[in-house]
Amino acid sequence: MNARILVTGGAGFIGSAYVRHLLAPEASGGTAVTVLDRLTYAGSLSRIDAVRDHADLTFVQGDVCDASLVNALAAQHDQIVHFAAESHVDRSIADGGAFTRTNVLGTQVLLDAALRHDVRTFVHVSTDEVYGSLSHGAAREGDPLRPTSPYAASKAASDLIALAHHHTHGLDVRVTRCSNNFGPRQHPEKLIPRFLACLLSGDDVPLYGDGRHVRDWLHVDDHVRAVELVRRSGRPGEIYNIGGGTSLPNLELTHRLLELCGAGPDRIAHVPNRKGHDRRYAVDHTKITAELGYRPRADFATALADTVEWYKRHADWWGPLFAST
Ligand code: NAD
């Protein structure tokens, strides 16, 4: 075995794509993977169906805040890749407590266990939202953090606490900060699947404010390839931005989704803006390109059309989740 990797949040949208990537038939093999996931409303074992019977996969249902469980697991692993989080901004506005608990305290529990059990590498998956809203340009890794939502603040706290464990204790921590992910199997609370679920169910799409909020879009497969580059070849104590290279105002994205679903602009319902809605995020990913050779492979138009097709074919997957949002 080359590595024993503990993947937290491996039943979530991105963590599951990472687990499928690690255990894909074309992967080099020799990697034992344990998924630790609490299976909150956001987690689903169906996302890792394709690898559930893989001999090198173990699934543990549990909480990253459970110190005795996390210590027992850390003792059996060389590396931790930490995706588990409360991840939806709107929920953090309604009730921030779960975000501080899981994202901040849960990360602390994992870092303590990593130190205690000499875990070799700790990859912490953070977000571009820690930089806050930018009026122009793109955030570099050394830029100050100005998170605004309770979600982004909890991610910034955990991101800095992780880096502090490198600085103070010499733990090999590597932090990634990625932009907005999209692709199949994303929970229909997030913008693209939510709008698709609305359109495919005959509802209007609820667009916040004037729709001029700008996001960079990153296909989930590009993201997990980048995380894997960081795990294998990144440097201890370093931060790596991961962008997708397609920056769009939400209104333009909405028009593309409408077109792909054969719907007209009359299906847009303008709703009051999200509280504290950040205007624009953008990350500069030249560092990970120069150091680790990362380049997003997905062509945005094609990847978006493929994502729409997946949601058209999998109403059985997203339907019950959409009904419960
Ligand atoms: P997700 O909400 O789809 O999945 C989160 C997973 O974590 C779920 O499987 C859930 O069951 C699990 N989880 C939640 N609380 C837990 C706990 N206390 N203990 C154990 N497991 C727990 O999230 P995602 O979109 O896959 O995001 C993964 C990571 O990437 C997060 O850290 C998020 O902050 C970050 N990120 C996401 C995006 C995006 O566009 N989705 C962008 C930037 C950064």
Side-chain angles (χ1 to χ4, degrees), residues 6-21 34-48 59-67 69-70 73 80-92 97-110 113 123-131 139 147 149-159 162 175-194 215-224 226-227 230 240-244 278 281 283 285 307 318 321 325:
L6 178 63
V7 180
T8 73
F13 167 51
I14 304 169
S16 65
Y18 182 67
V19 170
R20 295 194 307 274
H21 179 78
T34 301
V35 169
L36 170 61
D37 197 296
R38 189 180 173 191
L39 295 181
T40 67
Y41 79 95
S44 170
L45 282 177
S46 68
R47 293 193 178 104
I48 49 173
F59 177 79
V60 176
Q61 181 170 3
D63 192 332
V64 291
C65 300
D66 178 344
L69 173 62
V70 167
L73 290 171
I80 296 177
V81 183
H82 179 33
F83 293 93
E86 290 290 341
S87 69
H88 189 41
V89 175
D90 285 341
R91 286 180 185 259
S92 81
F99 288 72
T100 300
R101 179 186 177 278
T102 289
N103 300 1
V104 183
L105 298 178
T107 301
Q108 181 68 61
V109 168
L110 284 159
V123 179
H124 178 77
V125 178
S126 186
T127 167
D128 64 353
E129 300 196 27
V130 298
Y131 295 114
S149 72
Y151 161 70
S154 71
K155 292 295 292 185
S158 56
D159 173 324
V175 169
T176 62
R177 295 179 183 153
C178 67
S179 54
N180 271 31
N181 283 226
F182 72 102
R185 301 179 192 81
Q186 189 171 25
H187 194 287
E189 66 184 358
K190 302 283 168 50
L191 193 151
I192 289 177
R194 178 154 188 230
R215 300 294 182 261
D216 174 77
W217 290 95
L218 168 67
H219 192 271
V220 65
D221 291 346
D222 281 327
H223 183 195
V224 302
V227 170
V230 171
Y240 296 93
N241 286 344
I242 306 168
D278 281 343
Y281 301 134
V283 283
H285 63 252
T307 301
W318 57 260
L321 299 176
T325 55

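Order of listing sets the numbers, starting from 1, for every ligand and every atom in it. All residue numbers refer to positions in the sequence shown, counting from 1.
When the shell of 6.0 Å around CZ of Arg215 is examined, it contains more than 12 heavy atoms from other residues, nucleotides or ligands.
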- Message: Using the rule given for side-chain hydrogen bond (donor to acceptor under 3.5 Å, both in side chains), can you reason through Tyr281 versus Glu129, listing the C-alpha separation, both sets of side-chain angles and the distance that settles it, and then say yes or no?
- Response: CA-CA 7 Å; Tyr281 301 134; Glu129 300 196 27; 3.3 Å; yes

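Taking the ring axis of Tyr41 as reference, the NZ or CZ atom of Arg91 stays within 45° of it and closer than 6.0 Å to the ring centre.
Every residue two or more places apart in sequence or in another chain that forms a ring-ring contact (aromatic ring centres under 6.0 Å, His included) with Phe83 is listed here: Tyr18.
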Enumerate, one pair per line, all nitrogen or oxygen atoms of ligand 1 lying under 3.5 Å from a protein nitrogen or oxygen, stating the separation to 0.1 Å; write 'none' if no such pair exists.
residue, atom, partner, partner atom, Å
ligand 1, 2 (O), Ser87, OG, 2.6
ligand 1, 3 (O), Phe13, N, 3.0
ligand 1, 9 (O), Gly12, N, 3.0
ligand 1, 9 (O), Asp37, OD1, 3.2
ligand 1, 9 (O), Asp37, OD2, 2.6
ligand 1, 11 (O), Asp37, OD1, 2.6
ligand 1, 11 (O), Leu39, N, 3.4
ligand 1, 11 (O), Thr40, N, 3.0
ligand 1, 11 (O), Thr40, OG1, 3.1
ligand 1, 18 (N), Asp63, OD1, 2.9
ligand 1, 18 (N), Thr102, OG1, 3.1
ligand 1, 19 (N), Val64, N, 3.0
ligand 1, 21 (N), Arg38, N, 3.0
ligand 1, 23 (O), Ser87, OG, 3.3
ligand 1, 26 (O), Phe13, N, 3.2
ligand 1, 26 (O), Ile14, N, 2.8
ligand 1, 32 (O), Phe83, O, 2.9
ligand 1, 32 (O), Lys155, NZ, 2.6
ligand 1, 34 (O), Tyr151, OH, 2.6
ligand 1, 34 (O), Lys155, NZ, 3.1
ligand 1, 40 (O), Asn181, N, 2.8

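Among all heavy-atom pairs drawn from Ala11 and Arg47, the shortest one is O-NH1, 2.7 Å.
Judged by distance alone, the side chain of Thr102 and the main-chain N or O of Glu86 form no donor-acceptor pair under 3.5 Å.
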